[in-house]
Amino acid sequence: MISYRLGTDDRVLESDRDQLYYLNVPYFYVHASFENVVNVGIDNRDISMFESQIETQGVNHVLTAERNPGSGEFSYLTQGLRDAGCLRKVGQVDAPSVRRNIDQP
C-alpha cells in the first residue's frame, strides 16, 4: 500500500490513474489533456509555475513512475523539481500498472 507512510494531512499528486486505487489519503489527479488547475499539458515547460500550482493545491507528496523516466510533460516537470532540490525520493513501492484492453472482433 502506497499510503502506509502518509497521514490524513498529506496530499498526493498523481498522474497515473491506475495507481489511485492504492491511495487512502487525499490526492490530486493530473491529466495532460483534461486538467488545467495543475498544468501538465504538452505546452507546459514552466517548472516554477508547476511548483506554485501544486503548492496551491496543498500537495506535499508526488508519485512518479520510474518505468519511463523522462517521458511526457509530468516526468519533465517532476524531474525539474528534483534537479532544483524541491523533490526528493522518500520511498519506493512496486505497484503494477493495470491496463485492460477490449478485444476487437
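We use all heavy atoms of the structure for the numbers below, so side chains are in, but hydrogens, waters and symmetry mates are not.
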Q: With sequence neighbours left out, write down each residue that passes side-chain hydrogen bond (donor to acceptor under 3.5 Å, both in side chains) with D83, or none if nothing qualifies.
A: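 Result, side-chain hydrogen bond (donor to acceptor under 3.5 Å, both in side chains) vs D83: Q79.
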Q: Can you sort out the partners of N60 under side-chain hydrogen bond (donor to acceptor under 3.5 Å, both in side chains), two or more places apart, ordered by chain and number?
A: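 In terms of side-chain hydrogen bond (donor to acceptor under 3.5 Å, both in side chains), with neighbours along the sequence ignored, N60 is linked to D10.
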Test side chain to side chain contact (heavy atoms under 4.5 Å, CB included) applied to [X] - qualifying residues, sequence neighbours left out:
| X | answer |
| --- | --- |
| Q57 | R11, F28, V37, V38, V59 |
| I47 | Y76, L77, L81 |
| T78 | F50, V62, T64, F74, R82, L87 |

Q.
Return the CD to OG1 distance between E51 and T56, rounded to the nearest 0.5 Å.
A. 10.0 Å
Q. Which distance, rounded to the nearest 0.5 Å, do you find between the OH of Y22 and the OH of Y27?
A.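 Here the rounded value is 14.0 Å.
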Q: For a side-chain contact (heavy atoms from CB on, under 4.5 Å) with H61, tell me which candidate from L6, L23, I54, V25 qualifies.
A: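 Single pass found, and it is L6.
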Q) Less than 4.5 Å apart, any side-chain heavy atom of E14 and any of D16? A) yes
(Q) Does R17, at its CZ atom, have more than 12 non-hydrogen atoms belonging to other residues, nucleotides or ligands within less than 6.0 Å? (A) no
Q. Sub-3.5 Å donor-acceptor pair from the side chain of Q53 to the main-chain atoms of N39, do we have one?
A. yes
